[in-house]
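By convention in this document, chain letters (A, B, ...) are assigned in the order of the sequence lines, proteins followed by strands, and residues within each chain are numbered from 1.
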Number of protein chains: 2
Amino acid sequence: MKLTASEENYLKAIYHLSEGASKSVSTNDIAAEMKTKPASVSDMLRKLGEKGVINYRKYYGVNITQEGKKLALQTIRKHRLWEVFLVEKLNFAWDEVHDVAEELEHIQSPLLIQRLDAFLNYPKFDPHGDPIPDEFGDVKARPRIPISEMEIDQSGQIVAVKDSSAAFLRYMDKVGAYIGARVKILDKVEFDGSVEILVDQKKSIFMSKDVASNILAIQS
Amino acid sequence: MKLTASEENYLKAIYHLSEGASKSVSTNDIAAEMKTKPASVSDMLRKLGEKGVINYRKYYGVNITQEGKKLALQTIRKHRLWEVFLVEKLNFAWDEVHDVAEELEHIQSPLLIQRLDAFLNYPKFDPHGDPIPDEFGDVKARPRIPISEMEIDQSGQIVAVKDSSAAFLRYMDKVGAYIGARVKILDKVEFDGSVEILVDQKKSIFMSKDVASNILAIQS
DNA sequence: AAATATAATTAGATATAGCTAAAAAAATAT
DNA sequence: ATATTTTTTTAGCTATATCTAATTATATTT
């Protein structure tokens, strides 16, 4: 099954939207995600349905098929490998890479991706901390550990909090930490287990062991 | 002036065809080069003419404008930089790179090319020995030297012969040397100036100083 | 100089991918 | 249960890039 760049983009969007919710994905949601109009989406859904990469029933949204999932994961794999390349080899900032990777991901050459993967030393995660599917579409889930358990100089990304009480979220907000933030452990005080972290390469934050235990991160 | 991938390809073809001949380029020649039909070319020429990158007079072929030349050289620059990347970093063979580079050259990101150029250490020639234009479209012509003047372990590409008599070309053919062949100097005998070279990384050839003086190569 | 051959262009298709506006179906509210 | 709102689809149009077939312009022969 071969897809055009546009079809790949739609499929990727459908895959991402599917991951969040358990039910089928709506035309309007896809249009919003793709920044196109619902009418264009309807057209594309018909096409993708005919190609067998989604199950499409008019007026009832879509579900991605196994075949479709595999193809979407291939595109995601390519995207994330290119992001690693751009950041690690070409010194792009991690927030500058998305648009370029969006173009690069559509280059059709299995050999290229295989070689790129090897050149980058088979990275398992992209610069945003997202897992890179292997060539079979399998993704390695990265274990989430509390910031309090990370070592000095280790980097990672905040992905969740254990206690999600409003009070704690207010605290997070106040100090400038948030889900998705990239963090680096600057210092750990052995005496009380308190931690100093650097958020997004600019803001340093002190926190008690209690707080640090409550913030979950993936290591990069 | 922004061009589509297809327009870039046509312009590149027109540029290459212009380089060979002094007169204007014909519709049929472009069609042959691009592997499309003359009808498609006519359409595209009208468009490129309107964009000012070529001078187009119906039934009289085209000449590339200064603006067009600059754009064509930018595309060629991107193509050749990607070829260097593929060969030097991803270990592609030099004859495997063209199709992939053909896709990569259309990625729109000046920053990407700037960074790629730096990452590759500002190469001046691609793996085929062709010069890489700089960001202003200037190309460095590489001096051609006789194989007899190359040093041991130096690599290059055969680009011409001094004596192009039928006898000599028959000899070239017989030993497996040809215009375009990549060569590496394996050994030089000081006593008589004879040379042993490796052709295309597989075939080794012995030749007298007379013969070696007659084959011109560019160094890589 | 007229006839013929070659080359180039136009006219009219097709396919992709987007759009707006109108119509139809489904969901929600009264 | 009907009316209204929201969502989705269809119809029809635009633009790019290709094609074939027909036409027209230029070049070559005789």
What parts of residues 37-46 of chain A reach DNA chain C, counting only heavy atoms under 4.0 Å away? A:K37, A:A39, A:S40, A:M44
Whole-Å distance between C:dT6 P and B:N28 CG? 12 Å
Lys/Arg cation over aromatic B:F92: A:R115, 6.0 Å, 45° cone: yes
State whether the side chain of A:E7 and the backbone N or O of A:T4 hold a donor-acceptor pair below 3.5 Å, judged by distance alone. yes
Nearest whole angstrom, please: distance from the P of C:dT14 to the NZ of A:K47. 17 Å
Non-hydrogen side-chain atoms of B:Y10 and B:L48 separated by less than 4.5 Å: yes
Polar contact flag, side-chain donor to acceptor under 3.5 angstrom, B:Y178-B:D200: yes
A:E8 and A:H106: side-chain donor and acceptor closer than 3.5 Å? yes
Mind calculating the distance between OH (B:Y59) and C1' (C:dA5) to the nearest angstrom? 15 Å
Do other residues, nucleotides or ligands put more than 12 heavy atoms under 6.0 Å from A:E19 CD? yes
To the closest 0.5 Å, what do you measure between CE (A:M34) and CG (A:N9)? 5.0 Å
Have a look at A:E105 and tell me which of A:R80, A:K78, A:R77, A:K12 forms a salt bridge (charged side-chain N to carboxylate O under 4.0 Å, His left out) with it. A:K12
With heavy atoms of chain B within less than 4.0 Å as the criterion, where does contact along DNA chain D begin and end? D:dT16 to D:dT26
Give me the bend of the helix from C:dA1-D:dT30 to C:dT30-D:dA1, using the axes of the five pairs at each end, rounded to 10°. 10°
Between A:Y60 and B:R57, the residue closer to the 5' end of DNA chain C by nearest nucleotide is B:R57
Is the terminal nitrogen or CZ of A:K162 (NZ for Lys, CZ for Arg) located under 6.0 angstrom from the six-membered ring centre of A:F168 and within 45° of that ring's axis? no
Counting the benzene-type ring for Trp, do B:F85 and A:F85 have ring centres under 6.0 Å apart? yes
Between C1' on C:dA27 and NZ on A:K23, what's the gap in Å once rounded to a whole number? 13 Å
How many Å lie between NZ on A:K35 and P on C:dC19, as a whole number? 13 Å
Euclidean distance, atom CG of residue A:L48 to atom C1' of C:dT16 [Å, nearest integer]: 13 Å
Does this structure show an ion pair linking A:E67 with A:K51, if we count only N-O contacts that are shorter than 4.0 Å? no
Let me know the distance between CG of B:D29 and P of C:dA7, rounded to the nearest Å. 9 Å
